[in-house]
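What follows is a short report on a single structure.
Below, read A as the first sequence line, B as the second, and so on, with proteins coming before strands; counting in each chain starts at 1.
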Amino acid sequence: MNNQFDPSGIEQALYAEWEAAGHFAPAGNGDPYCIAIPPPNVTGSLHMGHAFQHTLMDALIRYQRMRGRSALWQMGTDHAGISTQMLVERRLAAQGIEKDNIGRDAFIDKVWEWKAESGGTITQQLRRMGSSLDWSRERFTLDDGFSRAVREVFVRLFEEGLIYRGQRLVNWDPELQTAISDLEVENTDEQGHLWHFRYPLNDGRTTAAGADYLVVATTRPETMLGDTAVAVHPDDDRYRDLIGASVRLPLAGRDIPIIADTYVEREFGTGCVKITPAHDFNDNDVGTRHDLPLINIFDASATINDQAPETYRGLTREDARTRVVADLEALGLVDKIEPHALKVPRGDRSGAVIEPWLTNQWFVDIKPLAEPAIAAVEDGSIEFVPKQYENTYFAWMRDIQDWCISRQQWWGHRIPAWFDADGNVYVARSEAEARQKHGLADEVSLTQEDDVLETWFSSALWTFGTLGWPEQTAELEKYHPTDVLVTGHDIIFFWVARMIMMTLHFTNEVPFRKVYIHGLVRDEHGRKMSKTKGNGLDPLDLIDGIDLESLVAKRTSNLTQPQMAPAIEQATRTQFPEGIAAYGTDALRFTYCALASTGRDVRFDMGRIEGYRNFCNKLWNASRFVFTNIEGFDPNAERRTSDIDRWILSRLSKALTDLELAFSTYRFDMAASALYEFIWHEFCDWYLELTKPLLWDEDTDAALRAGTQATLITVLSALLRAAHPLMPFITEAIWRELGERSADAAGTIMLQSYPLAAEFDVDESATTAVEWLKRIIEAVRNIRGEANIKPSQELGLLLDGGDAQDRRLADSNATLLMRLARVSEITWLDAGAEAPAHALALAGDVRVMVPLAGLIDVGEETARLEKEIERLGKDLKRLQGKLGNENFVAKAPAEVVDKERAKAAEREQALNTLREQLEDLKKLG
RNA sequence: AGGCGCGUAGCUCAGUUGGUUAGAGCGCUACCUUGACAUGGUAGAGGUCACCAGUUCGAAUCUGGUCGUGCCUACCA
């Protein structure tokens with residue numbers, strides 16, 4: 001074994017072996033455990049969020065597999081309708097191909113080609129993360145079986161009256177030219193203007209203030225061409241008398257009524273609102289209440305259509321705005337223009353300004369589905385971790401709006417509906433079924449609906465669709481409901497809520513019992529990682545490393561805002577002057593786990609991954625130590641364990657208790673710190689050091705040596721298995737090395753049993769002994785360190801005080817004490833004898849003394865003591881204050897009071913001892 | 001405007017039911033190539049737990065408020 005752990009040399013080969021051996025498929029007769037992967041975009045590539053999420057899922061799956069569960073991690077990818085179609089369109093456009101020229105079928109063929117070409121990227125990258133996904137059951141949201149499930153769901157919902165088609169105002173993306181759902185609209189804060197226009201009153205009417213016009217304010221001047229009313233508040237005295245009167249709509253030259261509606265806020269603007277029912281959701285509601293006509297002035301690309309006056313036809317929204325404002329200005333009808341901050345709705349994929357637009361779309365009547373889904377969380381059938389996300393879920397679900405599921409796209413599940421020449425619609429699983437069900441003769445020509453279903457409609461069926469539904473398969477029976485969904489809070493509405501609704505409706509089961517919501521991965525300053533900001537990290541670069549120039553090139557290429565390139569380059573060169581080192585998958589995974597505190601976003605800190613890379617190296621070298629020191633170990637020989645053996649097994653048991661709790665509560669950070677703490681600070685720092693004197697002394701009793709060697713193997717075996725879910729590769733690599741040296745390790749670590757706390761005895765007396773030893777050693781080291789005594793300098797050690805047990809412990813641990821404290825001899829001060837000038841530290845009741853003997857400067861030692869005395873003095877004062885408080889003594893539990901009393905007594909005694917020592921020293925100085 | 005978080009050492013974060021000398025990693029200081037590991041070892045410095053008030057014998061922890069900050073939801077044209 002090399003003296004440095006080299007992840008690049010082992011990871012991919014181990015993964016290939018696991019996969020070839022079929023270790024990822026569920027096995028055995030244990031209770032089923034199942035996680036369905038949130039399907040990544042089939043044409044996508046791995047980013048930090050994926051890597052984080054998959055680390056957590058893989059840790060859970062590996063843990064449960066080792067706990068004996070029949071663990072299935074269901075793999076699959078998503079066709080990701082809009083984003084995939086956009087991507088392929090762009091690629092074709094680059095080759096000079098327009099999708100409309102080649103037609104639907106040819107375009108879809110191109111998308112499948114692209115999937116075949118790029119679809120392996122993400123799946124290969126998931127393998128690099130060590131994800132133990134069952135590839136043999138990989139699914140795709142557009143595969144035949146899944147498509148069948150989608151059609152089945154659509155048809156059944158339609159037959160139940162829960163899907164309907166209707167003309168409605170929807171969020172229209174004029175760039176992609178498709179409807180999108182409310183959730184796909186991002187409202188961005190932008191600076192705009194509030195234009196105040198004068199609409200002249202008809203019939204010589206005037207306002208209470210005497211104006212012969214009303215002033216309306218708008219952020220979208222161009223929509224005035226579609227105004228069909230002006231609304232005021234019914235109780236607004238300024239305009240009350242004008243209700244029922246009309247204004248002349250400028251430019252359009254139409255008369256439109258003045259109506260009263262409580263929707264109007266009197267305090268805002270002038271208290272008059274222009275109403276454009278065809279182009280604004282609120283106005284649409286007002287229009288419905290007042291039976292106003294809808295004038296649609298836009299075509300699908302949001303250019304002005306022929307419903308508007310001729311001069312504006314063919315103008316884009318932006319041009320129309322400019323023209324409308326200019327024309328009104330020319331007419332003297334612009335009252336004022338003021339700057340105004342507003343929310344602009346933009347499509348989450350295209351970034352285009354969304355237009356509320358009137359079209360025929362398919363909707364899900366969602367309320368009947370939402371009710372049981374709310375109940376399932378209320379009654380605890382599904383639990384969110386952390387719990388506060390249940391409130392987010394409830395808030396949205398209780399005010400849920402009908403779901404627009406049709407998209408005017410080509411890539412996706414084409415809606416199983418057929419129209420005849422008269423526009424009648426027939427919904428069925430196939431055209432044949434439509435004809436048969438409705439008795440349509442072959443002569444009747446039917447055309448299938450062009451629209452496809454939005455991607456989330458199909459992903460909503462993920463947990464049961466991937467397991468074979470609508471067939472009642474054995475897998476469905478065994479693995480559904482799944483155990484936990486691991487996902488980010490950004491898709492609770494998009495996906496989690498819809499899965500719960502659909503799954504309950506079609507299977508009468510919840511899709512999962514727990515929803516673990518992890519945070520989003522951000523950069524070290526808490527900013528979202530993005531290509532535009534150039535602050536993103538590629539998980540594979542953290543695993544494999546990348547040189548500075550390649551990193552700069554990667555971050556500055558294909559920018560949507562190329563002017564950002566110099567700033568990004570500079571920031572990159574500052575942060576990564578040497579590029580990024582290869583940390584390996586295990587270090588990356590361990591970092592994710594360590595940072596995964598619940599309910600909190602993750603700031604990815606390079607310092608952490610470096611630290612955990614070092615941790616991997618530590619584990620590697622500790623194993624090397626074990627291997628060289630178990631040479632010649634005979635498992636059949638007589639063996640005897642010592643206190644240190646029983647102590648480390650006790651600590652192991654404690655660490656395993658922490659791990660069991662951590663896994664059961666999804667506290668990956670606690671799991672990581674329990675492992676780190678045990679392996680580094682107990683196993684390496686103390687146990688391995690304590691074994692050295694024993695193992696390296698030729699006179700050591702053979703049985704004792706064998707006992708320690710056996711313990712080394714036992715603990716190493718257990719900690720490798722304990723760490724495996726978080727660090728699969730290094731633990732497997734070491735496991736195999738161990739297997740070559742000991743019968744305690746064989747086969748793959750993946751399929752070994754997870755070590756449990758109950759398997760290891762907690763030995764109180766051994767713990768007491770080793771903790772005592774550690775205290776004495778630390779006392780000596782403190783003196784040594786503070787006095788700047790060279791580590792190579794051997795010291796004489798004088799002990800005093802304590803009781804018979806202290807003497808016994810000192811006696812039985814003399815060798816260990818001498819070695820770890822670098823002490824040449826240990827002497828107990830004779831009763832009544834005077835100690836030579838010495839430095840003093842306390843370990844409980846034991847006075848730990850190091851003779852000055854020309855090694856220690858009296859002045860420095862005095863300073864050290866004074867510091868210690870001050871610290872103790874402060875502490876004692878605090879304790880005495882507390883104990884002097886009658887209320888504390890009377891009201892606090894006796895246990896607490898006793899504890900504080902004991903502490904005070906101990907501090908007092910220590911303080912006295914140190915003060916005496918200080919006096920003695922001063923005499924010397 | 002509402003809702004949910006967050007504010008603990010220079011940085012990134014723990015701190016489970018109120019009682020610890022408030023912890024870890026990185027960074028920092030000093031010393032050390034001792035036969036697993038310098039991606040290491042030993043010792044050390046560093047925090048009025050954002051602020052104010054309250055509950056309590058006792059508050060980083062519970063309550064109310066203030067300030068700062070982040071996210072989500074919402075119909076102010």
Side-chain angles (χ1 to χ4, degrees), chain A residues 1 3-5 187 194 216-220 231 263-265 267-276 280-283 285-286 340 342-343 386 388-389 391-392 395-396 399 489-490 492-493 520 522 524-526 581 583 587 594-595 597 599-608 610-629 661 665 667 669-670 673 676-677 681 684-685 688-689 692 696 778 781-792 819 822 871-872 874-875 878-879 882 885-893 895-897 899-900 903 907:
Chain A
M1 285 172 84
N3 73 345
Q4 279 194 5
F5 171 57
N187 292 302
L194 201 53
V216 296
T218 181
T219 54
R220 301 207 48 199
Y263 156 67
V264 179
E265 296 282 338
E267 288 71 33
F268 189 87
T270 58
C272 299
V273 185
K274 63 190 272 306
I275 300 296
T276 321
D280 183 281
F281 289 101
N282 298 313
D283 291 9
D285 291 343
V286 175
H340 183 71
L342 73 162
K343 297 270 190 193
Q388 72 247 24
Y389 285 107
N391 293 328
T392 312
W396 188 70
D399 188 34
H489 55 72
D490 50 335
I492 292 177
F493 306 145
L520 272 28
R522 302 175 172 280
E524 74 275 16
H525 302 297
Y583 296 107
L595 293 173
S597 327
R600 183 165 190 146
D601 282 350
V602 170
R603 291 195 194 196
F604 196 86
D605 179 12
M606 292 302 294
R608 294 293 282 262
E610 192 177 334
Y612 295 130
R613 186 264 321 255
N614 296 352
F615 175 57
C616 289
N617 195 52
K618 189 76 177 173
L619 174 58
W620 184 257
N621 278 292
S623 306
R624 289 178 59 224
F625 175 89
V626 173
F627 296 152
T628 55
N629 285 286
L661 178 66
T665 53
R667 288 300 303 267
D669 58 332
M670 280 172 56
S673 64
Y676 188 96
E677 176 67 22
H681 296 308
C684 294
D685 285 354
L688 295 187
E689 294 304 324
K692 286 176 182 177
W696 295 352
E778 280 167 342
R781 284 176 176 173
N782 176 258
I783 292 171
R784 189 191 277 281
E786 291 282 279
N788 271 329
I789 297 170
K790 290 219 179 272
S792 53
R819 160 124 192 152
R822 283 229 147 211
R871 193 179 65 79
L872 275 172
K874 261 196 228 162
D875 202 38
R878 185 183 59 83
L879 286 164
K882 213 169 180 182
N885 181 343
E886 283 175 29
N887 278 324
F888 172 71
V889 179
K891 295 190 180 176
E895 201 184 291
V896 174
V897 177
K899 210 168 120 192
E900 297 296 292
K903 272 197 269 183
R907 303 279 195 281

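Looking at Asn3(A) and Asn621(A), their side chains come closer than 4.5 Å, going by heavy atoms from C-beta outward. By the 4.5 Å heavy-atom criterion applied to side chains, Tyr263(A) and Asn282(A) are counted as neighbours. Within the 4.5 Å cutoff, no side-chain heavy atoms of Leu595(A) are placed close to those of Arg600(A). Counting heavy atoms from C-beta on, the side chains of Leu619(A) and Phe5(A) never come closer than 4.5 Å.
Using a 30° and 60° split on the angle between ring planes, Trp696(A) and Phe625(A) fall in the tilted class, from 30° to 60°. Between Trp396(A) and Phe493(A), the ring planes lie parallel to each other; the angle is under 30°, not in the 30° to 60° tilted range.
Looking at heavy-atom distances under 4.0 Å, Arg608(A) makes contact with a base. Residue contacts for Ser673(A): at a heavy-atom cut-off of 4.0 Å it reaches no nucleic acid atom on any strand shown. Nucleic acid contact class of Tyr676(A) (heavy atoms, under 4.0 Å, all strands): sugar-phosphate only. If you check every strand for non-hydrogen atoms under 4.0 Å, Val264(A) touches a base. The residue Arg220(A) sits apart from the nucleic acid: no heavy atom pair falls under 4.0 Å. Within the 4.0 angstrom heavy-atom criterion, only backbone atoms of the sugar-phosphate kind lie near Gln388(A); the bases stay farther away. Within 4.0 Å (heavy atoms only), Ala892(A) reaches at least one base atom of the nucleic acid. When heavy atoms are screened at a 4.0 angstrom cut-off, Phe268(A) is found touching base atoms of the nucleic acid.
Of the side-chain N and O atoms in His340(A), one or more sit less than 4.0 angstrom from OP1 or OP2 of A77(B). OP1 and OP2 of C31(B) both lie 4.0 Å or more from every side-chain N or O belonging to Lys790(A). When the side-chain nitrogen and oxygen atoms of Lys899(A) are compared with OP1 and OP2 of G19(B), none of them lie within a distance under 4.0 Å. In this structure, Arg878(A) reaches the U21(B) phosphate: one of its side-chain N or O atoms is under 4.0 Å from OP1 or OP2. The phosphate of A14(B) has OP1 or OP2 within less than 4.0 Å of a side-chain N or O from Arg600(A).
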Met670(A) vs Leu661(A), side-chain contact (heavy atoms from CB on, under 4.5 Å): CA-CA, chis, key distance, verdict: CA-CA 9 Å; Met670(A) 280 172 56; Leu661(A) 178 66; 4.0 Å; yes

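Across the protein-nucleic acid pair, Asn187(A) atom CG and A1(B) atom P stand 17 Å apart, rounded to whole Å.
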Protein heavy-atom contacts under 4.0 Å, written 5' to 3' over nucleotides 33-48 of chain B as B (base), S (sugar-phosphate only) or - (none), form the string --BBB-BSSSSSS---

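For RNA chain B, if you chain together Watson-Crick or G-U pairs that step i with j, i+1 with j-1 and so on, the runs of at least three with distances under 3.5 Å are B:1-7 with B:67-73, B:10-13 with B:23-26, B:28-32 with B:40-44, B:50-54 with B:62-66.
Of all the heavy atoms in Ala622(A) and Leu688(A), the pair that sits closest is CB-CD1, 3.8 Å.
Nearest to the side-chain atoms of Lys343(A) among the listed nucleotides A77(B), A14(B), A74(B) stands A74(B). Closest to the side chain of Lys882(A), from the set C76(B), C31(B), G19(B), is G19(B).
With RNA chain B read from its 5' end, the first of the two nearest nucleotides for Asp399(A) and Glu677(A) is the one closest to Glu677(A). Nearer to the 5' terminus of RNA chain B, by closest-nucleotide assignment, is the contact made by Leu595(A) (compared with the other of Leu595(A) and Phe493(A)).
Applying the side-chain hydrogen bond (donor to acceptor under 3.5 Å, both in side chains) rule to Arg907(A) yields the partners Asp875(A); only residues at least two apart in sequence or on another chain are considered.
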